[in-house]
Amino acid sequence: MLRSPLVALWLTAVLPTTLAAQPPADFSGRWTLEAPAIALTPAVPGTPAAAAASGDLGSGWGSTITIVQDSKRLRVEYAIFSQYDLQPPLTFTYPLDGSVGRNTVMLGRGEQVESARARWDGQTLIIVTTSQIADRGVAKPFTADSTRKLWLESPTTLVVEVTRAGVLGGPASTTRSVYRKT
Amino acid sequence: MNRPLGSLPVWRSQRVFAIVATACLGSWLGVLGVASGQATPASRPNIVLMFPDNLGWGEVNVYGGVRGAITPRLDRLAAEGLRLNNFNVEFSCTVSRAALMTGRYAIRTGATQTAGITLWEVTIAEALQSIGYATGLFGKWHLGGDHPEHRNPSQQGFAEYYGIPRTSNEAQTTIAQGQTATKTSFIWEGQAGAPPRNLKPFDLETRRTLDREAAERGIAFMERSVGDKKPFFLYYPMTQIHFPTLTHPDFVGKTGAGDIADAMAEVDYNVGLMLDAIDRLGVSRTTIVFWCADNGAEGRRPWRGSSGPWSGFYNSVMEGGIRTPCLVRWPGRIPAGRVTNELVHEIDLFPTIAAAVGADIVPHDRAIDGVNQLPFFEGKQARSSRESVLLYANAQLRAVKWHDWKLHYVYAPEAGGPPVAPLMRLFNLLSDPKEETDIKDANPWVQSVTDRILNEFNATTQRFPHVPPRTPDPYLPPKM
């Protein structure tokens, strides 16, 4: 039982408005992946060969990323090639107005196009990406979806969680990457 | 997914049994084998399996050799048969031989250099011997561990053998693996029912002549078998061009291009001796010849080999460590001059040979990872029977190949070196044969496929657990 009509009014009317008015998280900045240490254990007990836990696919955006965000879009940029390669960094732009954005990358296998739609869930940005896949190993083209969730655990800690839907009878997978602001 | 022959569903096992029973009856009548295209015992093909050591892709002229045109016999063999451009093997010597001989990924066998494989494993030789083949090994064994006298070739189906129990580098130290004293390494011989006999020290002098002597003994074995009218399985695991890469005196300085080139010229010559003998004996059309290497290029200086277009050396699962030359010849059955980039693995040889000899000799009581490639080799099937390859480094899964894709779960490009972050890397071997540009960010879907392949493999280990490394004999699998 609420003690006061004023408290009830604040909870039902003012608080939601206040939350809605809260500006969305701002992911802008330069972020560096906090890479897990590679724990080495003997591959075969008694032998010097080292083994490590398997890696994961990470955020899908590389280990050092630059994010530029305004009210209309979020842009992620990172370098994959060396200076010698004379290639621009990869750039992915996601509209924040609910419309579908398209990004193209060239990694030596033609122009690979992905479409993406972003939306806010509170302070978490959710980006759903769809790629059309045509591969020599598969009879028919198919689509592959992934869902990224971005949130700030602190002003200097960015978390990117990616869930990739299973394809061709395989399982889905989820990885969580933690970036520090640098 | 490749179909493991040893884990067939019940209905399929029953059907296989029915087919085998019918074929046996037909063979007994002396009719059905011919009518169905199945080999009868009398018409079964001979098998010659030549298996050089630490021989990289870049050593063979027909594969784009880097040391000049020094392999004319191998080049001709390629022209007479099938050249595989995507032939995969295990990453190191003992595990590769375990896989080749058993049709199983080596991790299932528990193979290690120090212990070899248990006598429970069924080898190609045992399988062929069970249907009347003469069987002989002439060269390197390396499946008997530190005490090869207790796990010697005659206990794994070879009626006779000659060569070295372990590996070639012992020639430099003369210290046998597992020993500490010098002059403990020997060239041995043996036959079924008798213990091995040490013939002479294995040192830098005898290392030079070993492959030639093994070839000559192999040829004598073929001559006897043909005289006895018995089909034969000749396994010639050559010791060249493993370090120390010191050749027969006839080939020292022969090419003017260094020790490895000289050794390759010797390999080519010895292959020629074998092929000439097959011709001379009049069994060319009834003999399947395989020539393939155990793992990728020798990486140890000063005898560092060439991986050709690939990165890495043996003892890594980079393509330079696990993709080797492979030539297959069967005149009249396998079309001449064909080249393919389809996936094939050394474990496929056992089921393929079983199909070629028309006998159900692949074990059914264990997981068999090899698949029958005979229809593909013969050109009756457009694609390989294999879609994927698992790549282990001893007990650790390192990577999975699926068609043209290769996903490293643990990227460790240097032989014996540590893993390098980021551990998971994806390459397309057609657009990036050197495995240099990680493109997982743009193609993350591939992991779903390779995870499925791994899950399916791991599921088989519930029914067929791996043999633990260094398991003593007698081994019996746990009842599941």
Side-chain angles (χ1 to χ4, degrees), chain A residues 33 35-63 78 80-81 85 90 92 103-110 112 114 129 131 133 135-138 142-146 162 164-173 175, chain B residues 1 92 107 110 112-115 315 343 383 387-388 392-399 402-405 407-412 415-426 428 430-432 436-456 469-470:
Chain A
L33 183 68
I38 300 173
L40 298 179
T41 55
V44 176
T47 69
S54 292
D56 62 49
L57 288 175
S59 69
W61 283 338
S63 57
Y78 69 98
I80 191 171
F81 297 106
D85 295 317
L90 299 188
F92 299 86
N103 293 297
T104 302
V105 295
M106 289 194 292
L107 293 170
R109 296 186 54 74
Q112 292 184 254
E114 60 179 41
T129 303
S131 301
I133 310 296
D135 189 78
R136 281 165 36 101
V138 184
F142 60 96
T143 59
D145 295 335
S146 64
V162 188
R164 302 164 198 85
V167 299
L168 303 176
S173 66
T175 55
Chain B
M1 178 63 181
S92 188
I107 190 166
T112 65
Q113 282 219 29
T114 56
N315 292 332
L343 281 175
R383 307 295 299 267
E387 287 189 335
S388 63
Y392 283 84
N394 296 322
Q396 183 182 53
L397 178 92
R398 286 276 172 88
W402 175 72
H403 292 288
D404 309 319
W405 295 96
L407 182 63
H408 290 258
Y409 286 78
V410 178
Y411 180 70
V420 178
L423 296 180
M424 186 172 275
R425 301 191 190 201
L426 176 69
N428 185 286
L430 290 181
S431 56
D432 181 17
E436 293 175 324
T437 305
D438 175 11
I439 54 174
K440 65 176 180 290
D441 288 355
N443 305 277
W445 60 272
V446 176
Q447 188 196 359
S448 181
V449 180
T450 54
D451 277 359
R452 171 178 58 79
I453 292 163
L454 279 176
N455 290 345
E456 289 170 353
R470 289 179 296 285

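Worth saying up front: this structure is predicted, and the values here are computed from it rather than measured.
Both the backbone and the side chain of A/Val167 come within less than 4.5 Å of a heavy atom in chain B. If you measure heavy-atom distances from A/Tyr78 to chain B, the contacts under 4.5 Å come from the side chain alone. At a 4.5 Å heavy-atom cutoff, A/Leu33 makes no contact with chain B through either its backbone or its side chain. For A/Leu90, no part lies near chain B; criterion is any non-hydrogen pair under 4.5 Å. Contact of B/Asn315 with chain A is not made at all, since no heavy-atom distance falls under 4.5 Å. In this structure, chain A has no heavy atom under 4.5 Å from any part of B/Pro422. Residue A/Ser173 touches chain B through its side chain alone, counting heavy-atom pairs closer than 4.5 Å.
Taken to the nearest 0.5 Å, the CG atom of A/Leu168 stands 11.0 Å off from the OG1 atom of B/Thr450. The structure places CD1 of B/Ile439 at 5.5 Å from CZ of A/Arg109, a figure rounded to the nearest 0.5 Å.
For the residue pair B/Trp405 and A/Asp135, a side-chain donor N or O sits within less than 3.5 Å of a side-chain acceptor on the partner.
When A/Ser59, A/Ala144, A/Gly169, A/Gly108 are compared by the number of non-hydrogen pairs under 4.5 Å with chain B, A/Gly169 comes out ahead.
Nearest heavy-atom pair across B/Ser448 and A/Pro171 is OG-O, 2.9 Å. Contact record, B/Lys440 with A/Asp56: CE-O, 4.1 Å, taken as the closest heavy-atom pair.
Using a 4.5 Å heavy-atom cutoff, the side chains of A/Phe92 and B/Asp441 are not in contact. The closest side-chain heavy-atom distance from B/Asn443 to A/Gln112 is below 4.5 Å.
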